[in-house]
Amino acid sequence: MIDSRPDAHALIRAVLDEGSWRSWDAPPVDPVRPDSSYADELAAARVKSGYDESVVTGEGLLEGRRVAVVASEFSFLAGSIGVAAAERIAVAVERATAEGLPLLAAPASGGTRMQEGALAFVQMVKVTAAVQAHRAAGLPYLVYLRHPTTGGVFASWGSLGHVTAAEPGALIGFLGPRVFESLHGYPFPEGVQVSENLYRHGLVDAVVSAEAARAIAVRALSVLCARVEDLDPGQPPEEDLRPVEAWEAITRSRRDDRPGVRTLLKLAATDVTPLNGSGEGENEPGLILALARFGAAPAVVLGQDRRRQRVGAPLGPAGLRVARRGMRLAAELGLPLVTVIDTAGAALSKAAEEGGLAAEIARCLADMVSLEAPTVCLLMGEGAGGAALALLPADRVLAAQHAWLSPLPPEGSSAILYRSVDFAPEIAQAQGVRATDLRRNGIVDRVVPELPDAAYEPRAFAERVGRALEYEIATVLRLGPQERKEARRSRYRAL
C-alpha cells in the first residue's frame with residue numbers, strides 16, 4: 001500500500017494545475033565533512049531517491065490561483081529534516097509571506113535527522129517561526145499529512161494548518177511505533193496513530209486522497225483568499241411579518257422537519273468546506289464549523305446543529321472549543337464570522353461541569369465581544385441558555401421569524417417561578433423571547449420572514465436567510481476594525 005502512495009513530485013502534479021509547477025530550490029549546502037560516513041549517506045540517498053534533499057519547494061497554480069508549496073520526500077532518508085532541509089523550508093515560507101501567497105504543505109517524515117543531532121532538532125523552531133509569521137500576515141496555511149508524519153515535523157509545521165487533511169491510512173503520530181516499542185518493550189496500541197483516528201478525535205479536517213485534497217484546497221482558498229473590500233450590500237431584504245404569539249413561535253421552532261444549519265449550508269451557500277473538531281483532540285457533532293460563501297460574501301460559519309444535539313448529546317464544552325477555533329480562524333485571516341444559534345440548551349451533566357462548560361461559555365463571550373473580525377449572528381431556531389448566549393454578541397444579529405432567545409426553555413422558567421411547567425406559554429409571552437420582541441429591545445437587528453413557516457418552504461427560507469447574511473456581512477465590512485469593535489461594545493453596553 002505504501003509503495004502506491006505518490007512521491008513529492010507526483011503529489012504536486014496531482015494537486016496543482018498541469019504544467020504550472022516552478023521550483024524555488026537552490027542546491028543544498030550540506031553541514032557535513034565531505035569524507036564522513038554521513039556524506040556518503042547523503043550521496044547514496046540522492047542517487048537512490050532522485051531528490052537532492054528531503055523537501056522540495058516552489059510555486060504553481062491551483063485553479064489559476066498562485067500558491068506556494070512545501071512537500072516532503074520520504075524516500076530521501078525517511079523524509080528527515082536536517083539543517084539544509086529546514087533552511088529550504090524556512091526560505092520558501094518566508095518567500096511565500098513576502099509575496100502574499102497561500103502556502104500548501106505536504107509533510108511525510110520520520111522527524112528531525114538523527115545524524116545531525118540537536119542542531120537538526122532545534123531547526124523546527126526556525127520553521128515554526130516562519131510559519132507563524134506567515135499566518136500572522138493573514139495568509140492561509142493548508143496542510144496535507146502523508147504517510148508517515150511523526151516526530152518533530154508533526155509537532156511543528158505539520159500541526160499548524162488553518163485547514164488540515166490527511167492521507168488515508170497514514171501513520172501520523174508524535175513518537176513512531178518502532179521507537180516506542182524499542183524504548184518500552186511492548187508495541188504501541190494499534191489504530192491510534194492512524195489518520196482516520198485523528199479525524200475521529202477532531203485533529204484533522206478530512207481524510208482524503210491527493211486528488212480530493214486538491215478539491216478541498218480549491219474550495220477552501222476560494223473563501224480564505226476572497227476579496228471583501230468591494231462587496232456591495234445592495235438593497236436591504238424586505239420584511240413581511242405576520243403576528244405570531246410567543247408559544248406558537250417556540251412550538252414551530254421545535255418541529256423535527258424545521259431546516260437547520262446543514263440545510264442552510266446546502267441550499268444557500270457555495271464553496272462549503274467542512275472543518276472538523278477543535279484541533280486539540282476534541283470533536284462534537286452538535287457544533288458545525290465550515291468555510292462557506294453566502295452570495296459573494298465569504299465567511300467562517302459556526303452553527304449549532306439541533307438535530308445532532310437531540311440524537312447524540314446536548315452541546316458541551318468540547319463544542320464550544322470547536323467554536324473558539326472558528327473564532328480564531330476568522331480573526332487571524334480577517335474573514336467575516338457567521339454564528340448560527342439553534343439549541344435547546346447546553347449539556348447538564350457531570351462531564352460538562354468537570355469539562356469546564358461555564359468557563360467555555362465565558363471564553364466564547366469574551367472572544368466574540370473582542371473579536372477583530374466582522375461578525376454576524378443568525379438566531380435560526382431555538383435559543384435556550386448559555387449555549388445560545390455564547391454565540392450571540394455580534395456586530396449584526398438576525399433572527400428567523402419563529403426563532404427565540406431565553407435564559408432557559410420556557411418550561412424551565414415556569415418550573416422556577418411556579419413549580420410547574422404548565423405556565424410555559426404565559427412565561428414565554430411575558431419574557432419577550434420572540435424575534436420581534438428581541439428586535440424591539442435592540443437585541444436583534446433584522447427578522448427574516450417565514451412564509452408561513454420555514455418547515456413548509458425550506459429552500460425559499462434558506463435562500464432568504466442567505467441573502468440576508470450576504471447583505472449584513474457586506475454592511476458590516478464597510479466599517480473599520482476599531483469602529484466595529486467600539487460599536488459592538490456600545491451596542492451591548494446600551495441594552
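Looking at W24 and E59, their side chains do bring a donor and an acceptor atom within 3.5 Å of each other. A donor atom on one side chain and an acceptor atom on the other are found under 3.5 Å apart for K126 and Q123. No hydrogens or angles considered: a donor-acceptor pair under 3.5 Å links the side chains of D395 and T375. Between the side chains of S49 and E73, no donor-acceptor pair is found at a separation under 3.5 Å. Residues R321 and S278 bring no donor and acceptor atom of their side chains to less than 3.5 Å of each other. Looking only at atom types and distance, the side chain of W404 has a donor-acceptor partner in the side chain of S253 under 3.5 Å away.
A 4.5 Å side-chain heavy-atom check between P6 and E167 finds at least one atom pair inside the cut-off. Taking the side chain as every heavy atom from C-beta outward, N276 and Y199 approach each other to under 4.5 Å.
For the pair R13 and W21, the cation does not sit on the ring face, since its NZ or CZ is not both under 6.0 Å from the ring centre and inside 45° of the axis.
Using a 4.0 Å cut-off between charged nitrogen and carboxylate oxygen, D7 and R146 do not count as a salt-bridge pair. In this structure, R328 pairs ionically with E280, as a charged nitrogen and a carboxylate oxygen lie closer than 4.0 Å.
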(message) As a quick check of understanding, evaluate salt bridge (charged side-chain N to carboxylate O under 4.0 Å, His left out) for R214 and E211, giving each step before the final call.
(response) CA-CA 5 Å; R214 169 186 163 87; E211 291 76 11; over 6 Å; no
(request) Would you check, one step at a time, whether the test side-chain contact (heavy atoms from CB on, under 4.5 Å) holds for L329 with H162? (result) CA-CA 7 Å; L329 181 63; H162 291 115; 3.5 Å; yes
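Other residues, nucleotides and ligands contribute more than 12 heavy atoms inside 6.0 Å of the CZ atom of R66.
Aromatic ring pairs are classed by plane angle as parallel below 30°, tilted from 30° to 60° and perpendicular above 60°; the pair Y51 and H9 is parallel.
Shown are E457, E238, E450; of these, the side chain to side chain donor-acceptor pair (under 3.5 Å) with R464 is made only by E457.
Residues A390 and L320 approach most closely at CB-CD2, 4.1 Å, considering heavy atoms.
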